[in-house]
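To keep things clear, I will list the structure first and then write my remarks on it.
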Amino acid sequence: MKMTKIFFVTLISFVFIFCICAVEYCPAQVDTGKEGGERVYRLDKVIVRDHPLKDESMVVTPNVTIINVDKFKKAAVVQNIQDVLSEALGLNVLRTSVTPSQSETVYVRGLDQSRYQIFVDGRPMRLFGARGYYKIDWTTMPLNNVETIEVIRGSHSLLYPWSMGGAINIITKKGKKTDEIKPDMSVTTEFGSYGAQSYSANALGGLFNKIGFSLAAAHREGDGYLRGNYYDTDSANARFTLYLPNGGHLSYGWDYVDTNTGYPLVNDPDRADFDPDYPVVTTEVDSFTHDRQGKTYPGGENLWDKITIEEGILLEQPLGPGEVRAQLYQHRSKRVWYYVDENGNQKVTGPNEERNQGVALDYLDFELIKNHAFSIGGDYRTMGRPDNPDTVEIFSGYFQDVWSINNPLTLTFGARYYHFEVDAYRPNPRGWNDAYGYRRKEKEWCPKVKLDYELDSTLTLYAAVSREMRMP
């Protein structure tokens, strides 16, 4: 399914015209309760604007767990997103050190990143990678720029494509609507053992009640506990928001990360290059990883270097009985691996460059029939390299109905359609060549249904059946 630039221009133009023509404001997330003016919030979709439950540190529902980062506290020191996720229901965090790592660290119900999705402000992160997906390095995501984190467990929601095991949505701070010129600013420094040190600065504010902004920059470095396991990371983040009439807003986000991390070296007492100042690491040590950690040797460069730039434009506009959400995003990255093998040979893998982009359009929670909240939408994305930008093409679309049958009983059902294309090769016993290359195509319908019964405010029973597709 080849889609040209005309598709993007037509789709985004339609969204803007559609939203400008809106004449009434009806929030999609909020209903008015009958008693005491309380407000009831639907928590069954990716929420990409200021979260309404600001007074709670964590809210758990049958569909999603919402963590308010500013309110979140735990006994230990909270330094990164992993520290927060370790307290969420259904998540397991596996860490061996504070050093940045491309290894699997966060598991949703025992499933790794190849089975669940990661979003930043609703922008997909995990599925990028023309040479196969790369793992998200949680330690390079600055926590002080995060407002809330949503954790969706299981594959039963239709609003999260390719989410076999669930989804994690990281919602960033985007400024505030104010006419005060002076922004809220903070500067933080931290020092720890093994040469660990970090410096960060943040600014959060707005202008003329029309523009909001959030700016952040950080530097982290350290020697690490194991030999050669140093790290040096620089990051910068920017969010600018234009508040539109009738409750909508348009925001632009930019994220930059430059990470240089040394691999833990084999430090074997039986070798001449053994360094007694560091712990013993032999080739028999199981590091629970599938990369070069604990398998590289002294005598050269042993590190991975990654530069990542993310950009996105997000439009959210209440329209009639629901809310329109449109998004454009782009990802660029460059990764290089250096390592020395057991024979002392210097090896280099890469550089691997990625160029990925996508567009998404949703109309959420519109009530055409009483007690039925409908949502429809779709997204298109390409993943590739500079010489082949559409190595992978994905289109998916969905419809969903949340039927409030009565006060305790809710039925959610619908289906998502996938169309997937990728450059591939047929098996060739003499090796790979262009003659065996072809365009692999797959199509699939994935229906889902879920029934919730709320016994009381603290206990809900549910039963669900769903089908999901995993991208190869």
Side-chain angles (χ1 to χ4, degrees), residues 79-80 82 93-106 112-114 128-142 191-199 218-235 256-309 332-354 385:
Q79 294 181 323
N80 52 52
Q82 291 168 299
V93 178
L94 176 65
R95 288 180 294 180
T96 56
S97 71
V98 296
T99 304
S101 172
Q102 297 183 103
S103 303
E104 300 285 2
T105 56
V106 177
D112 62 24
Q113 290 183 23
S114 66
F128 290 121
R131 298 179 183 270
Y133 88 97
Y134 65 82
K135 307 175 184 72
I136 299 297
D137 180 9
W138 299 98
T139 60
T140 60
M141 292 186 177
F191 299 91
S193 57
Y194 306 106
Q197 51 187 298
S198 65
Y199 310 88
H219 171 79
R220 297 176 65 241
E221 63 177 79
D223 295 330
Y225 172 67
L226 300 176
R227 183 181 180 184
N229 199 201
Y230 70 92
Y231 58 95
D232 191 331
T233 300
D234 294 303
S235 64
Y256 170 87
V257 177
D258 185 353
T259 300
N260 190 302
T261 304
Y263 284 123
L265 303 179
V266 171
N267 196 33
D268 194 336
D270 295 333
R271 291 175 56 94
D273 54 17
F274 174 68
D275 189 339
D277 293 333
Y278 292 94
V280 173
V281 175
T282 66
T283 55
E284 286 75 25
V285 173
D286 190 348
S287 60
F288 299 98
T289 68
H290 301 287
D291 50 28
R292 301 301 307 177
Q293 292 195 37
K295 303 173 185 177
T296 56
Y297 295 79
E301 290 187 296
N302 292 279
L303 60 96
W304 58 269
D305 183 42
K306 181 176 70 173
I307 297 177
T308 303
I309 300 175
R332 291 173 288 160
S333 68
K334 182 178 180 180
R335 296 173 282 168
V336 187
W337 294 262
Y338 303 89
Y339 66 94
V340 176
D341 64 19
E342 58 183 336
N343 298 318
N345 300 314
Q346 179 72 65
K347 303 287 186 177
V348 180
T349 302
N352 289 343
E353 294 189 57
E354 303 282 353
R385 304 178 298 274

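Along the sequence shown, the residues carry numbers beginning at 1.
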Just so I know, are the side chains of [X] and [Y] near enough to count as touching, which here means a heavy-atom distance under 4.5 Å?
X: Val336; Y: Val348; value: yes
X: Arg220; Y: Tyr231; value: yes
X: Arg385; Y: Glu353; value: no
X: Tyr338; Y: Lys347; value: no
X: Ser235; Y: Tyr256; value: no
X: Gln197; Y: His219; value: no
X: Val280; Y: Pro269; value: yes
X: Tyr263; Y: Tyr297; value: no

Mind checking the [atom1]-[atom2] spacing from [X] to [Y]? Nearest 0.5 Å is all I need.
X: Arg332; Y: Thr308; atom1: CZ; atom2: OG1; result: 10.5 Å
X: Lys306; Y: Thr259; atom1: NZ; atom2: OG1; result: 6.0 Å
X: Asp258; Y: Thr233; atom1: CG; atom2: OG1; result: 8.0 Å
X: Asp305; Y: Asn260; atom1: CG; atom2: CG; result: 5.0 Å

Q.
Assess the residue pair Trp337 and Asn352 against the criterion (side chain to side chain contact (heavy atoms under 4.5 Å, CB included)); give the C-alpha distance rounded to whole Å, side-chain angles, the decisive distance to 0.1 Å, and a yes or no.
A. CA-CA 9 Å; Trp337 294 262; Asn352 289 343; 3.4 Å; yes
Q: For Asp234, enumerate each residue passing the salt bridge (Lys or Arg N to Asp or Glu O under 4.0 Å) test, keeping only those at least two apart in sequence or located in another chain.
A: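 So Asp234 forms no salt bridge (Lys or Arg N to Asp or Glu O under 4.0 Å) with any residue.
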Does [X] use its side chain to pair, donor to acceptor, with the backbone of [Y] at less than 3.5 Å?
X: Glu301; Y: Tyr339; result: no
X: Asn302; Y: Val340; result: yes
X: Asp232; Y: Gly222; result: no

**Q.** Listed partners of Tyr278 passing side chain to side chain contact (heavy atoms under 4.5 Å, CB included), at least two apart
**A.**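 For Tyr278, the residues satisfying side chain to side chain contact (heavy atoms under 4.5 Å, CB included) (neighbours in sequence not counted) are Arg227, Asn267, Asp275.
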Q. Excluding sequence neighbours, so at least two apart, what forms side chain to side chain contact (heavy atoms under 4.5 Å, CB included) with Pro276?
A.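 Partners of Pro276 under the side chain to side chain contact (heavy atoms under 4.5 Å, CB included) test: Phe274.
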**Q.** Working for side chain to side chain contact (heavy atoms under 4.5 Å, CB included), residues Leu226 and Val281
**A.** CA-CA 8 Å; Leu226 300 176; Val281 175; 4.0 Å; yes
(Q) Checking side-chain polar atoms at under 3.5 Å, does Asn229 have a donor or acceptor matched by the opposite partner on Tyr194? (A)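 Looking only at side-chain atoms, Tyr194 and Asn229 do not form any donor-acceptor pair under 3.5 Å.
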Q.
Once you measure the plane-to-plane angle for Tyr199 and Phe191, does it fall in the parallel (<30°), tilted (30-60°) or perpendicular (>60°) bin?
A.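 Tyr199 vs Phe191 ring planes: perpendicular.
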